[in-house]
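Worksheet for the structure shown next.
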Protein chains: 2
Amino acid sequence: MKLQQLRYLVEVYKQGLNVSEAAEKLHTSQPGISKQIRLLEDELGVQVFVRNGKRVVDVTAPGREILRISDRILREAQNLKRVAEEFVNEEEGSLVIATTHTQARYALPPTIQEFLKRYPKVKLSIKQGSPTQICEQVVAGEADIAIATEGIDLFPELAMLDCYQWNRSVIVPDHHPLLDLRGQVTLADVAQYPIITYDFAFAGRSKINRAFETARLTPNVVLTAIDTDVIKTYVGLGLGIGIIASMAYDRYRDEGLFAIDASHLFEPSTTRIGIRRDAYLRGYAYSFIQGFAPALTRKVVEQAMGQSEED
Amino acid sequence: MKLQQLRYLVEVYKQGLNVSEAAEKLHTSQPGISKQIRLLEDELGVQVFVRNGKRVVDVTAPGREILRISDRILREAQNLKRVAEEFVNEEEGSLVIATTHTQARYALPPTIQEFLKRYPKVKLSIKQGSPTQICEQVVAGEADIAIATEGIDLFPELAMLDCYQWNRSVIVPDHHPLLDLRGQVTLADVAQYPIITYDFAFAGRSKINRAFETARLTPNVVLTAIDTDVIKTYVGLGLGIGIIASMAYDRYRDEGLFAIDASHLFEPSTTRIGIRRDAYLRGYAYSFIQGFAPALTRKVVEQAMGQSEED
DNA sequence: AGTAATTACGTAGAACGTAATGATA
DNA sequence: TATCATTACGTTCTACGTAATTACT
């Protein structure tokens, strides 16, 4: 049994049982993969894949177990490499953050700025996606850390940690009637105007819906976006009023738009970070997390990952 | 990185940083190991072992982490092989039980008899030792299942499951004065005679001590053994009275000895089985466990191992 | 027909063993 | 001096690529 053979297995599976694509992805030849998989199957005495003549068409029952374990082994091998890297150079490496537009644009900049100054040699990259996509990326090992606000409780592989709570604001163009009610805006007032807000998969959209439902109001959502900047643009064009994360409004930058605090209208949302429990995090990753949420010290994070018993 | 290299690392560590012994154990040449370890260290860019000139004298800080992860990887590789074996032939394989003399001699026989009849092709072996040794064997992967009564709560790698409770009896030779008190024996009565019982590391010996302590009595323990049969022998010779597990007394087999129930004198003990949480158990292993403790179905055991979320 | 996997075969490389050397206690 | 690890070197085996073949859609 060789680690490469396991890599081949898993990659063929990931590529939808296509040996050729797996070969491409792994920069090797397709006959090589074919042969190594057969060798492994011979060694184990069990078929991993079901073949219809010469096509790989399915995974056998033992194959499913074998793939699961192989995946774990490869992950640990990955961790092992990272441990080594950590000790070779604590300041160098890479860190992949998967997050939503709102976080990337409004919550993360100061943290990232600090981080880049502190760890100039670390290659930091940000991947955007919906909360679900983000978590999937972390689960798949394509990202190290997920930062999102919603829909991220369904991944048992991930440890989730609360970062901070935030509220919403209603943004309106200049001279909007809601501005006259300043301080006393109700949900009913808001429901009178066409609404532009986040896409359903995103940042606490469900909290917005729930608030209206509870008040037995039907909001007229005319446009949804995954992106606060898009929402602002259309609010600026007078197509409706926006409901956005308060932190996404800046009095100076967002000229011609005005924010009305709506923390009394909608439940606050909690932004969380998610990490694979079985991942090995580099030291600077812990540093990044604490930079973003000071309460999340290395100890706290490790405990949440279930690694505390070792230290 | 190759699985073999990891195997070499771990074996050198296990052999007390002795490369030659590791080579012997793995049936390969010592230069081979030396070279492969260096190759791996080069690849990782980190020393795993501290060398004093040409001697391996210690493990580096990263080395400790690397050894830990390597161990996990090798374990999983082991599991992978077992999965394959399971599917090749459900009825064939091996099962190693680590247990104490008392369990092996008095509690396990019916279960084992049944098991051998049901799975004639499985190579069953029993290793004896103290509760601590037993658990260490399971932790080290030298045994699959630990069965013991005491001192087995200190291994976080193991899942422990209760099997059954048992009480103690006092055994005495014929015509012993205690027999006249039948039914009303007290701790004070027992403390009047020289006592022969289990070694301290064993089967609930601490419960016996605690009972006397609580009653502010000092028992006169003249002999300890790890083995009920030894205890019986010396009781038969008139050297004292025995305190043993009730199940270890058989009225017909133990001619000349008489048992006095002592369940009111000592707390009952619970016999448990222990399994490595990250081990893959063969189907017949679950069957064995349930044969021994009917309440421990496969589901219950898997849940205790923390593997239930997958199925 | 076109796509995809296996077989056949040759080559470059790696793992391993033997023997010799160097270092440590 | 004896033990133990590394270096040197040669052989065998194996992983991998190219090309040809076979099977499936």
Checking side chain to side chain donor-acceptor pair (under 3.5 Å) against E91(A), which of R118(A), R282(A), K121(A) comes through?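 The single option meeting the side chain to side chain donor-acceptor pair (under 3.5 Å) with E91(A) is R118(A).
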When you compare the side chains of Q133(B) and Q137(B), does any donor N or O come within less than 3.5 Å of an acceptor on the partner? no
In whole Å, I'd like the distance from the [atom1] atom of [X] to the [atom2] atom of [N].
{"X": "K35(B)", "N": "dA14(C)", "atom1": "NZ", "atom2": "C1'", "answer": "8 Å"}
{"X": "R7(A)", "N": "dA15(D)", "atom1": "CZ", "atom2": "P", "answer": "14 Å"}
{"X": "L3(A)", "N": "dA14(C)", "atom1": "CG", "atom2": "P", "answer": "16 Å"}
{"X": "Q4(B)", "N": "dA15(C)", "atom1": "CD", "atom2": "C1'", "answer": "8 Å"}
{"X": "K2(A)", "N": "dT14(D)", "atom1": "NZ", "atom2": "C1'", "answer": "7 Å"}
{"X": "E43(A)", "N": "dA15(D)", "atom1": "CD", "atom2": "C1'", "answer": "15 Å"}
{"X": "E21(B)", "N": "dT3(D)", "atom1": "CD", "atom2": "C1'", "answer": "12 Å"}
{"X": "R38(B)", "N": "dA15(C)", "atom1": "CZ", "atom2": "C1'", "answer": "17 Å"}

Please determine whether a side-chain nitrogen or oxygen atom of [X] lies at a distance below 4.0 Å from atom OP1 or OP2 of [N].
{"X": "T28(B)", "N": "dG17(C)", "value": "yes"}
{"X": "N18(B)", "N": "dA5(D)", "value": "yes"}
{"X": "Y8(B)", "N": "dC16(C)", "value": "yes"}
{"X": "Q36(A)", "N": "dA15(D)", "value": "yes"}

Residues two or more places apart in sequence or in another chain: which of them pass side chain to side chain contact (heavy atoms under 4.5 Å, CB included) with Q36(A)?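 Residues passing side chain to side chain contact (heavy atoms under 4.5 Å, CB included) with Q36(A): Q5(A), Y8(A), L39(A).
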With sequence neighbours excluded, tell me which residues meet side chain to side chain contact (heavy atoms under 4.5 Å, CB included) with S94(A).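 So S94(A) forms a side chain to side chain contact (heavy atoms under 4.5 Å, CB included) with K123(A).
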Within the structure shown, what part of the strands sits under 4.0 Å from L39(A) by heavy-atom distance: base, sugar-phosphate, or nothing? sugar-phosphate
Counting the atoms with a prime plus P, OP1 and OP2 as sugar-phosphate, which does L17(B) contact under 4.0 Å by heavy atoms, base, sugar-phosphate, or nothing? sugar-phosphate
Taking every non-hydrogen atom, the tightest pair across A84(A) and V46(B):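 Shortest heavy-atom contact: O-CG2, 3.2 Å.
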pair Q103(A)-I97(A): side-chain heavy atoms closer than 4.5 Å: no
I'd like a list of close polar pairs between nucleotides 18-25 of chain D and the protein, N/O only, cut-off under 3.5 Å.
residue, atom, partner, partner atom, Å
dT22(D), O2, K54(A), NZ, 3.4
dC24(D), O2, R55(A), NH2, 3.0

Looking at CG of N18(B) and OH of Y13(B), how far apart are the two atoms once the value is rounded to the nearest 0.5 Å? 14.5 Å
